[in-house]
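Some notes on the structure that comes next.
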Amino acid sequence: MNQDSAISVIGVMSGTSLDGIDIAHCLFRRLRDLWTYEITHCHTAEYSPSFRGKLRDAIAGSASEYVLLDVSLGRMIGQEVRKFCEEHGLSPELIASHGHTIFHDPANGVTTQIGSGADIAVESGYPCVADFRRVDVALGGQGAPLVPFGEKELFTEYSTFLNIGGIANISHHGHGGLLAWDICPANMLLNDLAALAGKSFDDGGKMASEGKVDDRLIHDLEAKTYYEKLAPKSLGREWYEQEIRPLFMDNGLSVSDNLVTACEHMAIRIGHDIGGDGKTVLVTGGGALNNHLMSRIKAHTLARIEVPDTNTVAYKEALIFAFLGLKRFLNEINTLSTVTGASRDSCGGCIYRP
């Protein structure tokens, strides 16, 4: 791998919002200790409703169903990447796939992302780096968030980052070091509520803007003990399914009232975790395109909120996992113990060759 020229990597992300497989072709260059990046092509392969349901229900499935889903998703990712490369004439040096999180319980030493790296490599024809989180969890860490490492290396002009995906997470890069954590459920909740109205998501937050905030529901949401914990901390779908989703299902409110209340709760939590004024926050993830949610976040913070170009908004996590995969290929640190709470920094990820 020639580090003096551009290094071609494809990053793959499947988030908790269950939208589909995000694929981004990235070029990385290193000049001394500084990295630059370019996203040349990107695409989202949407999940079918039936496969989306399998992913959503996997946590309650049998062991054999879990193993079959792991292989099925790996083959799907590999096939989608191969088609993507053929369409754009690409020959990447590697694929880096985050996979799709099914279990995340770091307190008990567990984190599991499916999407078999071996099958991705074989189906695509390219080496694949996968399973980024497990080494950190084995070292006593949260296994999350991993994105702040890439932010620190690739987005040097910013010090605070907010990503609003299935889960909203934040990272602060300051003189005292780097701190990052999951804030609250985001698009996983909004998309579940939109589905009640027969939609895959609330486009621009239009349905939410037509609702009325329910103060009692806000009170119940704010009472969750997770919000009292100090970082490092992280969230998984299990917590959302047990603690948050039941508050919104069959509560007698309209879909719009539930959506606007969910957005208000998210904005309160995000505003609180952004902190004081005098900073610029780079916001990415699908939630950055929700106009109502963004307006409410701005109402709850004095910080300057900045949304980048569309590709960076939608594919920043795929970009960063491409970078983390490259660092693994180079046998260099790609996970920071100061962020995850692990006993030491590590180089996470397993390499599979076709």
Side-chain angles (χ1 to χ4, degrees), residues 11 13 15-17 19-20 22-24 26 36-44 98 145-174 178-191 194 200-209 259-260 262-323:
M13 182 72 194
T16 48
S17 55
D19 297 328
D22 290 340
I23 304 172
C26 311
T36 63
Y37 74 90
E38 178 186 359
I39 300 175
T40 68
H41 302 88
C42 45
H43 169 68
T44 297
H98 168 269
L146 301 185
V147 168
F149 179 91
E151 292 170 340
K152 180 176 71 71
E153 297 288 323
L154 300 177
F155 296 87
T156 55
E157 65 270 40
Y158 296 96
S159 61
T160 302
F161 301 85
L162 171 66
N163 184 73
I164 311 175
I167 292 170
N169 54 69
I170 194 166
S171 57
H172 296 283
H173 303 247
L178 194 162
L179 289 175
W181 60 90
D182 288 341
I183 301 174
C184 61
N187 292 338
M188 62 164 59
L189 172 58
L190 300 183
N191 291 353
S200 56
F201 64 99
D202 183 11
D203 191 5
K206 184 177 184 301
M207 286 192 292
S209 68
L259 279 166
V260 74
C263 285
E264 192 66 18
H265 169 64
M266 291 161 55
I268 292 169
R269 288 288 101 216
I270 289 169
H272 175 273
D273 286 11
I274 287 175
D277 59 352
K279 65 180 67 173
T280 299
V281 182
L282 184 70
V283 185
T284 56
L289 304 177
N290 185 317
N291 297 328
H292 177 78
L293 174 60
M294 293 302 296
S295 70
R296 296 311 302 152
I297 292 173
K298 291 175 183 177
H300 284 283
T301 179
L302 296 175
R304 179 184 175 189
I305 302 296
E306 187 170 310
V307 178
D309 64 276
T310 303
N311 282 350
T312 304
V313 167
Y315 295 96
K316 178 183 163 221
E317 287 197 303
L319 160 72
I320 287 183
F321 275 96
F323 182 67

Euclidean distance, Glu317 CD relative to Asn163 CG, rounded to 0.5 Å:
4.0 Å
Is the closest side-chain heavy-atom distance between Leu162 and Ile183 below 4.5 Å?
yes
Look up atom OH in Tyr315 and atom CD1 in Ile23, then write down how far apart they are to the nearest 0.5 Å.
8.5 Å
Closest non-hydrogen atom pair, Cys26 against Leu319
SG-CD1, 3.7 Å
Could you go through Asn290 and Ile164, starting from their C-alpha distance and side-chain angles, then the distance that decides it, and tell me whether this counts as side-chain contact (heavy atoms from CB on, under 4.5 Å)?
CA-CA 10 Å; Asn290 185 317; Ile164 311 175; over 6 Å; no
Ignoring hydrogens and angles, tell me if any N or O in the side chain of His172 forms a donor-acceptor pair with the backbone of Asp273 under 3.5 Å.
yes
Pairwise side-chain contact, Leu293 with Met266, heavy-atom cut-off 4.5 Å (strictly under)
yes
Note, Val260 side chain near His292 side chain (heavy atom, < 4.5 Å)
yes
Show, in sequence, the C-alpha distance, side-chain angles and deciding distance for Met294 and Ile297, and conclude whether the side-chain contact (heavy atoms from CB on, under 4.5 Å) test is met.
CA-CA 5 Å; Met294 293 302 296; Ile297 292 173; 4.3 Å; yes
For residues Leu190 and Phe201, determine if any side-chain heavy atom of one lies less than 4.5 Å from a side-chain heavy atom of the other.
no
To the nearest 0.5 Å, how far apart are CG in Asn311 and CD1 in Ile39?
6.0 Å
Go through His173 and Glu151 one step at a time and tell me if the side-chain contact (heavy atoms from CB on, under 4.5 Å) criterion holds.
CA-CA 9 Å; His173 303 247; Glu151 292 170 340; 3.5 Å; yes
Do the rings of Phe155 and Phe161 sit parallel, tilted or perpendicular, given the 30° and 60° boundaries?
perpendicular
Quick check: do Val147 and Phe321 have side-chain heavy atoms less than 4.5 Å from each other?
yes
Counterpart residues, side-chain hydrogen bond (donor to acceptor under 3.5 Å, both in side chains), relative to Thr40 (two or more places apart):
His25
Any heavy-atom pair between the side chains of Leu146 and Ile320 that's under 4.5 Å?
no
Atom pair CG/OG1 of Leu289 and Thr284 - distance to nearest 0.5 Å:
10.0 Å
Pair Val281, Ile170 - check side-chain contact (heavy atoms from CB on, under 4.5 Å), show working.
CA-CA 9 Å; Val281 182; Ile170 194 166; 5.6 Å; no
